[in-house]
Amino acid sequence: MSYTFRVLLDRVPTDDEIEAGMRTPTGVTSFDYEPPSAGMSVPVDEVSSWTEAFAEGIAEVEELGVRVIGFAHDAEDDPVSEDDLATRFGLSERYVLELAAHLVGPGGFPPRVKDRHGDPLEYWRWGPVREWFREHFGDDVADRFDREIDAADRAIKVALSR
């Protein structure tokens, strides 16, 4: 399992910075140009909390010479895997898969995203899953990830304003 998140950057990285970033130990998984951002994946066995994962991600990116200016909030339609969901909701991957297969829980778990042929892919859309958790498990569970991202985003913006 991994802590996955996206950091916003002060500029688009150069090709050399992108290449170096893709070799970072904690895992820069992607770079986007609009807005400039980097996807991060920090294994849960390397850190003990979202806060440590965020700090590790910022350090990795800033070692490349690019400045982190905030954290991106996932859009409603962003893809999330069972690993992402387990980490965000503080559950095991197995439990998430059992919820999705309607083996446990109240049922009605949102379906996986389908490809153009109608076959299910290996991920869901963040918004519907978060809303399902909110309805069945309450705001505390559903909004856990969003609260962590909000706090990290505020912290980086306060640090930058000094």
Side-chain angles (χ1 to χ4, degrees), residues 1-91 93 96 100 110 112-115 121-135 137-162:
M1 290 188 3
S2 298
Y3 294 101
T4 58
F5 53 94
R6 181 163 294 286
V7 293
L8 300 173
L9 308 174
D10 67 338
R11 63 179 173 78
V12 174
T14 66
D15 289 344
D16 288 341
E17 290 166 339
I18 290 172
E19 187 177 317
M22 299 308 278
R23 292 191 309 263
T24 59
T26 57
V28 175
T29 58
S30 64
F31 285 100
D32 286 327
Y33 294 96
E34 190 55 44
S37 61
M40 304 295 303
S41 181
V42 180
V44 296
D45 59 350
E46 292 184 16
V47 295
S48 63
S49 67
W50 279 103
T51 304
E52 285 184 33
F54 295 148
E56 185 69 29
I58 290 170
E60 290 286 339
V61 170
E62 291 193 343
E63 284 179 18
L64 302 173
V66 183
R67 190 171 182 192
V68 173
I69 59 170
F71 287 84
H73 295 269
D74 282 354
E76 295 297 306
D77 64 345
D78 279 351
V80 287
S81 68
E82 67 267 4
D83 176 45
D84 294 330
L85 295 174
T87 304
R88 290 177 185 198
F89 295 127
L91 304 169
E93 285 182 59
V96 169
R112 292 178 187 261
V113 173
K114 294 183 178 171
D115 67 14
L121 298 171
E122 294 297 315
Y123 60 90
W124 294 265
R125 296 288 180 210
W126 172 237
V129 174
R130 183 183 55 210
E131 290 309 312
W132 184 89
F133 268 87
R134 181 174 285 121
E135 180 181 335
F137 292 94
D139 292 345
D140 263 3
V141 173
D143 297 334
R144 177 180 177 210
F145 173 74
D146 292 329
R147 284 191 306 272
E148 296 284 350
I149 286 285
D150 286 341
D153 192 54
R154 281 191 305 274
I156 197 78
K157 287 183 168 79
V158 166
L160 289 172
S161 69
R162 294 180 178 187

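Values reported hereafter were calculated over all heavy atoms of this structure, with side chains retained and with hydrogens, waters and symmetry mates removed.
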Taking 4.0 angstrom as the limit, do E19 and R23 come out as a salt bridge?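 Looking at R23 together with E19, the answer is yes, because their closest N to O distance falls below 4.0 Å.
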
F54 and I149: CA distance, side-chain angles, deciding distance, side chain to side chain contact (heavy atoms under 4.5 Å, CB included) verdict: CA-CA 9 Å; F54 295 148; I149 286 285; 3.7 Å; yes

To the nearest 0.5 Å, what is the distance between [atom1] ([X]) and [atom2] ([Y])?
X    : Y    : atom1 : atom2 : result
D84  : F89  : CG    : CZ    : 10.5 Å
M22  : F31  : CE    : CZ    : 7.0 Å
E131 : R125 : CD    : CZ    : 15.5 Å
R67  : E62  : CZ    : CD    : 7.5 Å
L85  : T4   : CG    : OG1   : 9.0 Å
F133 : D139 : CZ    : CG    : 13.5 Å

Over all heavy atoms of both residues, which pair between [X] and [Y] is shortest? Give the atoms and the distance, please.
X   : Y    : value
L64 : A20  : CD2-CB, 3.7 Å
E52 : S48  : OE2-OG, 2.6 Å
V42 : F5   : CG2-CE2, 4.2 Å
R6  : S30  : NH2-OG, 2.8 Å
P35 : L8   : CG-CD2, 4.1 Å
S81 : W124 : C-CZ3, 4.0 Å

Please say whether more than 12 non-hydrogen atoms of neighbouring residues, nucleotides or ligands are located less than 6.0 Å from CG in D15. no

Ignoring hydrogens and geometry, is there a side-chain-to-backbone donor-acceptor pair from D153 to F71 under 3.5 Å? yes

Heavy-atom donor-acceptor pair, T87 side chain to M1 backbone, under 3.5 Å: no

Any non-hydrogen side-chain atom of W50 less than 4.5 Å from a side-chain atom of R88?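 Sidechains of R88 and W50: in contact.
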
Take R130 and D146, measure what side chain to side chain contact (heavy atoms under 4.5 Å, CB included) needs, and give me the verdict at the end. CA-CA 10 Å; R130 183 183 55 210; D146 292 329; 3.0 Å; yes

Side chain to side chain contact (heavy atoms under 4.5 Å, CB included) between E56 and E46: does it pass, once the steps are laid out? CA-CA 10 Å; E56 185 69 29; E46 292 184 16; 5.8 Å; no

Stepwise side chain to side chain contact (heavy atoms under 4.5 Å, CB included) check, I69 with I156: CA-CA 7 Å; I69 59 170; I156 197 78; over 6 Å; no

